[in-house]
Protein chains: 2
Amino acid sequence: MRTHAQHELTKNQALVFGSLSEAGGPLTAYAILDLLREDGFRAPLQVYRALDKLVEFGIVHRLESLNAFVACSHKDCTGHGSAAFAICEKCGDVREFTPDDAVRLLKDWTESQGFALARTTIELRGTCKDCVASG
Amino acid sequence: MRTHAQHELTKNQALVFGSLSEAGGPLTAYAILDLLREDGFRAPLQVYRALDKLVEFGIVHRLESLNAFVACSHKDCTGHGSAAFAICEKCGDVREFTPDDAVRLLKDWTESQGFALARTTIELRGTCKDCVASG
DNA sequence: GCATCTATGTTATGTTGTAACACACATAGC
DNA sequence: GCTATGTGTGTTACAACATAACATAGATGC
């Protein structure tokens, strides 16, 4: 696949990012650790250190309300705005989207308060279309 | 003070809510536990069970990105909309606000996707006005 | 009385995340 | 070459956050 080549990931970073990409959904750090034991991972720090960098690069997002991590769903992560996530509490599916208008309003509020916004966490919990239909 | 009398809090709920109200800012569950040891608290579950109810009542909010809890800043918590939080990473101050317009846009997106929205987590990280000025 | 529901107390355990220290490897400057 | 520096890595131990399981107590409704 060779996506995100712009970052020249290290071995551990590539393994962690690969796990998340292949999973296609959120994984906890310890779930990643278990997946990567066959690749020689032994300790949580190996995962957390890689995750820190991947989040810094913007190609992995942390889901605060799940204590989990997910690969960015954009083909090319350079320069997109703040991400938001719709999390289905039935099936665990996570949909990433970029609510620029809503973020603009939030940023307007912070500016009116003199608050220097660094980053946003927007996570929506509920039930996805498929799970609503099936039950 | 006798705010939130509508909920008839139990003894433990009242103690936990009192700690948060008096703190005037976010506290972790274990910080609350330490504050309430003199009142007979011995185990984390005593705190977590009270917090679960207080969050359910809507008079305490959980800050996912801090693993902490904060008393709702509204005088009367009945019927207000989804809350958002501006969290200063310098001084730890938390400001609660109610971004109805932004939430409306987020809800519009979920509805367009057939996603049944149950609740929102909106947490803004950055630097507050005072810390920007002093640093 | 007694069934039921909620709140509570307690012990133990599970899950998530970091501190501290050592070593390997690359590269820039001398 | 060789050393200083920065980053990535490996490992042990531990801190911080949260819940399972089981027992007890009190209130309410029949």
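To find a chain, count down the sequence lines: A is the first, B the second, and so on, and within it residues start at 1.
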Quiz prompt | Criterion side-chain contact (heavy atoms from CB on, under 4.5 Å) on A:F115 and B:T127, from CA distance to verdict | solution = CA-CA 6 Å; A:F115 183 92; B:T127 310; 6.0 Å; no
Ignoring backbone atoms, establish whether [X] has a side-chain N or O less than 4.0 Å from OP1 or OP2 of [N].
| X | N | value |
| --- | --- | --- |
| A:T10 | D:dT9 | yes |
| A:K53 | D:dG8 | yes |
| A:N67 | D:dC17 | no |
| A:R62 | C:dG17 | yes |
| B:N12 | C:dA7 | no |
| B:Q46 | C:dT8 | no |

Length of the line joining [X]:[atom1] and [N]:[atom2], which is rounded to integer Å:
| X | N | atom1 | atom2 | result |
| --- | --- | --- | --- | --- |
| A:L45 | C:dA19 | CG | C1' | 8 Å |
| A:D52 | C:dG17 | CG | P | 10 Å |
| A:L54 | D:dT7 | CG | C1' | 15 Å |
| A:L51 | C:dG17 | CG | C1' | 11 Å |
| B:L27 | D:dA16 | CG | P | 15 Å |
| A:Q13 | D:dG8 | CD | C1' | 8 Å |
| A:L15 | D:dT9 | CG | P | 9 Å |
| B:E8 | C:dA7 | CD | C1' | 15 Å |

Practice problem: Select from B:F69 and A:R42 the residue whose nearest nucleotide in DNA chain D is closer to the 5' end of that strand. | Solution: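 Nearest-nucleotide comparison on DNA chain D picks A:R42.
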Quiz item: Do A:Y30 and the base of C:dT15 stack face to face, with centres under 5.5 Å apart and an angle between planes under 30°?
Solution: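 No.
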Quiz item: Does the gap between the ring centers of A:H61 and A:F85 come in under 6.0 Å?
Solution: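 Centroid distance A:H61-A:F85: below 6.0 Å, so yes.
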Exercise. Please work out which of the three classes, parallel, tilted or perpendicular, describes the rings of B:F97 and A:W109, given edges at 30° and 60°.
Key: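 Parallel: the ring planes of A:W109 and B:F97 meet at under 30°.
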Exercise. Among the candidates D:dT19, C:dT10, C:dT16, find the nucleotide nearest to the side-chain atoms of B:Y48.
Key: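 Among the listed nucleotides, the one closest to the side chain of B:Y48 is D:dT19.
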Practice problem: Inspect the contact between B:D100 and B:R104 and indicate whether a charged nitrogen and a carboxylate oxygen are less than 4.0 angstrom apart. | Solution: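 Looking at B:R104 and B:D100, the cut-off is not met.
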Quiz item: Is the shortest distance from a Lys or Arg side-chain nitrogen in B:E89 or A:R119 to a carboxylate oxygen in the other one below 4.0 Å?
Solution: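 Yes, B:E89 and A:R119 are salt-bridged.
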Quiz item: With no angle test and no hydrogens, is the base of C:dG9 tied to the side chain of B:R49 by a donor-acceptor pair under 3.5 Å?
Solution: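 Under the 3.5 Å cut-off, the side chain and the base do form a donor-acceptor pair.
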